[in-house]
Structure formats: structure tokens, C-alpha cells
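In what follows, a single structure is set out as C-alpha cells and then discussed.
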Amino acid sequence: MTYDLIVIGGGPAGLASGLSAFEEGVNKVLIIERDVEVGGILNQCIHNGFGLHTFKEELTGPEYAQKYIDMIKETDIEIKLNTMVMKIDDEKNVHILNSEDGYKVIKGRSIILAMGCRERTRGAISIPGSRPAGVLTAGTAQKYVNMLGEKVGNKALILGSGDIGLIMARRLSLEGTEVLGVVELMEHSNGLTRNIVQCLDDYDIPLYLSHTVTNIIGDNRLEKVIISKVDENKKPIEGTEKEFDVDTLLLSVGLIPENDLINDMDIDFDNRTKGVVVNESMETSVEGIFSCGNALHVHDLVDFVSTEAKEAGRSVAKYLGVDKKEVGKKEIILKNGVGLTYTVPQKINVDKVEKIVGVMFRVNKIYENVKIVIESNGKKIKEYNRDHMLPAEMEKIILTKDMLEQCNEEIEIKVTDMEV
Amino acid sequence: MEKVICTVCPKGCHMKVEIEEKKVEGNSCKRGEIYGLAEVVTPIRVITSTIDIKGGQFKKIPVKTLEAVEKGLNFKIIEEMKKIKVKSPIKCGTVVIENILGTGVDVVVTRDM
């Protein structure tokens, strides 16, 4: 069986990219989802604050997913649930496994990788101590509480002040689990200000900055968590220990794109983003295979995922419709200058750019009153003023075709001080 | 004088709000001033939670107050939400509690199930 497009993953990126490709004229689209329903992580994010960019209204996660599910119902897009993708081979054959079809091979003329991301676990950050029950990731707790209706514990501490951790601090408080604090290794929170205010301040939950968990104590169930202050090198300082009698420890210590599927593929990978390398069309180093959403790089807002996914869907339509020989190969590599940790895309094929390309990136620390400078061949192409940037907020700049045509094979994007 | 952290944009200005004189300090824009005053006079929030559902794919279905309500009512509203149970199938947007605690705001389910 052959599809024009096979989308791997039915979360927000998969839904938006599949829908966009279909709307652009791609006929036979299949979305493969391993869970019992599509919507991905949105289904358990019952809080509001989604959709301000995409739908101009404030929605909850399930409502945001529902909008895409409803739009897809109006199309001929096929969805396979409860289905695991085992492998993608050199011929763009997608090997799938489920209890109805068994092991089956389906062919895609194009493929979108939209597998999303996973939470880092206790193992990923090597917390010392015993291994009792009651230590779980914030997202797992979110599923237990919001979808399965289970209480996770009576007294909890949360490690990591990313948004999921903050959201869960509020959610547990409302559900009768006392939250004794949120512990953050850095000197600043990684969460959105809105979440600090509405999830911690509203519920009088203390935030311990520059602290980390240094011991976990408990036989069968967690009994105690010890935290310590850390020095400027993030090493725990002896004598600063604080003890918390809790039966639950939630970990909100970062997300990693989930790309196990491409391990055996010959495809360029970016160790900074932990996703594949893409160009302006969200196309990977393998022709006809695209990527978007949190599988490509972790986003702050689902709205940004939808925008990127829509672009990937459009690119698929173009790819399937276009005589590829006509497109030139002038490729520009985007280089991270001072202050940047990564960019997406990582390269741009100028001839494929219609008018503009959006470039997303993150900075390595908090910056105030600085400039983002775009240079090529030692020449300044453009600069943008920013009065505030922080690692937790993804930045975006727009490069126009005019600007790109002034560049040689490399563009450097960097942060510099305001000059007088 | 009350301290308010602005949540209008990612900048997160730390503001000081003087209620009687309606004066805001530390904001960088007009939107911050409006937010600061509102946050001190009557802070409001949309309250989201889950309620029991029978015959659905999961045991719980998410709900929200259709508009923001006084934030101090949050625990009472969650208690009210806990009292109700719905049956599958139900459509996203169906009202499950009208005029919760006399606020004039309805509670709706936020997905199909």
C-alpha cells in the first residue's frame, strides 16, 4: 500500500502537518499514532493558555487538540491508532506493528517525523539515594491525575521549575496533595512568568532557586527528600541541606526529542537540538523526509509547533508536486555565533525560499538590551534590538530572500552588546 | 503598596501597585499598568479541573470555567466540580454546571468523549 504522505505521530505536530499537507492538495495522507487516541500530550494538559497565537483565543490543551481533530474529521486523512512504527527503510517503507494488521510494510512517497519528545527521568540526571515508589516525572503524574483520576500522593516536592513542573504544583494543590516546594538548579526558573505567578505565587508554594535534590530516602515508598544549595558550578554545598517529609517527588527536568526511530537511518542529526538537521522546508538530509514539532526541537508553546508543522505540510505538497531538477542547490549553513545554543533550520536552500524564512533559536543565558546580529562573509546583513531574552523563551527572526541573496555559503547569528 | 509580577508578556516586569491612588510603578508599558491594577483589585483566573465520566475512554473528562472567575473561589469551585458525573458520549463545550457559585459563569467540558 502506498501513501503520498505518512505522518509518524498524532500529536499537535502530526495533526497540523498532516492537515496542512492535505489542504495543500496531498491526497492520500496517513497519520500513525501509538496511543489509543490522537492529540498527544495536549489531552492531559487540561489547563488553559493554549492557542493565543493560532486561534486568537485562550484554550485548554484538550480543546486545542479537539479543534484539529474536528478539522481532520472533515478530510479523507486516515488515522491508524495503537500502532507502533518499527522502522523506516531506505525506500521510505514504513514498517508498522499493531494487533489488527500484525507486522505490515507501507510505502510513503514522503514522510513527516513528528514523534514528539519525552521527559528526562531520574536516571538522566543521576540523583543519588534509594529507589522507592513515589518518584515520577511530572508528565506521568499529570496523566495519573488528569486522565486516570488517581491521586499521586499526600505531600509532594517538585524538582525542576519548567512549565510542566509548575503546572503540576498547582494541579496537585487543587487535588489535595500538599506541595512543599519547587526546587530549581539554576538561579532562575525555566518556566513562563505567567506560570510562576499563577501556579506558585497563587498557592504560596516556595521556589528554591540554586538548589537540587541530593538524597532520596525511603524503603517501599518515598519518605524523605534532601535538597542542598548549589555553588556557581552547580555543585551541592555541604551544610546547606534541607529535609522534606514527602511521599512524592515529581521530576520536571527537561524534555528530549524522541528520535529512536532514526537510529538506524542514514540521516543528519544535530546534537544541540537532539533532533534531525532540517533546511528551510523542514526537510531532512534524506529527500522526501521532513520533521517538525518537538521531535525536531523542544518548543515552549504548542502554537509554535502548529506553525512549524503547517510549514512542513506545505513543503511536502511542494515536494510531491515539483519537478525537483529545476531547483538549484545554493545552500547556506546557519552558524551559531556568540550567545546562541542552536538554530532551526540549520541550513537554507535559497532557491527554495519564496519570500521569507523564519529562523528559530535559543540563547545561552539571560540578556538585556542587546542586539541580534546577522552576518555573512564578515558583512552585517541585518540587526534586531532585543531588550530581554532568556533561554526558556524561544526566539524567532525572519530572513527575507533579499537578505539571503546577499550572503555567501554561511550566515552567522550572534548576540552583541548595544553600541553607543 | 502591593508587589505584582506582570504576566502580560515574557518580560515579567516586577511592579509596585498603589491601590488608592491607582498608581503602578516598575511597568514598561500601558498593558502592564492595566494588568497590575486588575491583579490587585480583583485577581481572576480560569479554573480547570476534571470530573467523573461514565462509559468514556478514560475515568475523567476535563472541564473549565467558561470565563475567568475570582481566584479566591478556586478550591470551592473544584469541590463543586467533584460532585458531578457525566455520561459518555458528550461533546466538547457542553455545559455541566450553570452559574457556578453564583458567579454567572458556566462550567463546560473541554473535549469530546
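Chain letters run A, B, ... following the sequence lines, proteins first and then strands; every chain starts at 1.
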For chain A, which of B:Asp112, B:Ile5, B:Ile78 has the most heavy-atom pairs under 4.5 Å?
-> B:Asp112
Per-residue tally against chain B (heavy atom, under 4.5 Å) across A:Gln44, A:Arg171, A:Glu368 peaks at A:Arg171
Which one of B:Lys83, B:Lys76, B:Lys82 satisfies the side-chain hydrogen bond (donor to acceptor under 3.5 Å, both in side chains) criterion with B:Glu80?
-> B:Lys83
Using a cut-off of under 4.5 Å for heavy-atom pairs, which of A:Gln198, A:His47, A:Arg194, A:Gln66 has the most such pairs with chain B?
-> A:Gln66
In terms of heavy-atom pairs under 4.5 Å with chain A, which of B:Val63, B:Asp52, B:Val109, B:Thr48 leads?
-> B:Thr48
Check: A:Glu63 side chain, A:Thr60 main-chain N or O, donor-acceptor pair, under 3.5 Å | yes
For each of A:Val197, A:Asp202, A:Asn146, A:Leu192, tally heavy-atom pairs with chain B at distances under 4.5 Å, and name the one with the top tally.
-> A:Asp202
Contact origin within B:Gln57 toward chain A - heavy atom pairs under 4.5 Å | side chain
What part of B:Ser49 gets closer than 4.5 Å to chain A, counting heavy atoms only: side chain, backbone, both or neither?
-> both
Ion pair present between B:Lys59 and A:Glu150, side-chain N to carboxylate O less than 4.0 angstrom?
-> yes
Does a donor on one side chain and an acceptor on the other come within less than 3.5 Å for A:Asn48 and A:Glu58?
-> yes
Could you tell me whether the side chain of A:Asn195 and the main chain of A:Asp163 form a donor-acceptor pair under 3.5 Å?
-> no
Got a donor-acceptor contact below 3.5 angstrom from the A:Asp303 side chain to the A:Thr54 backbone?
-> yes
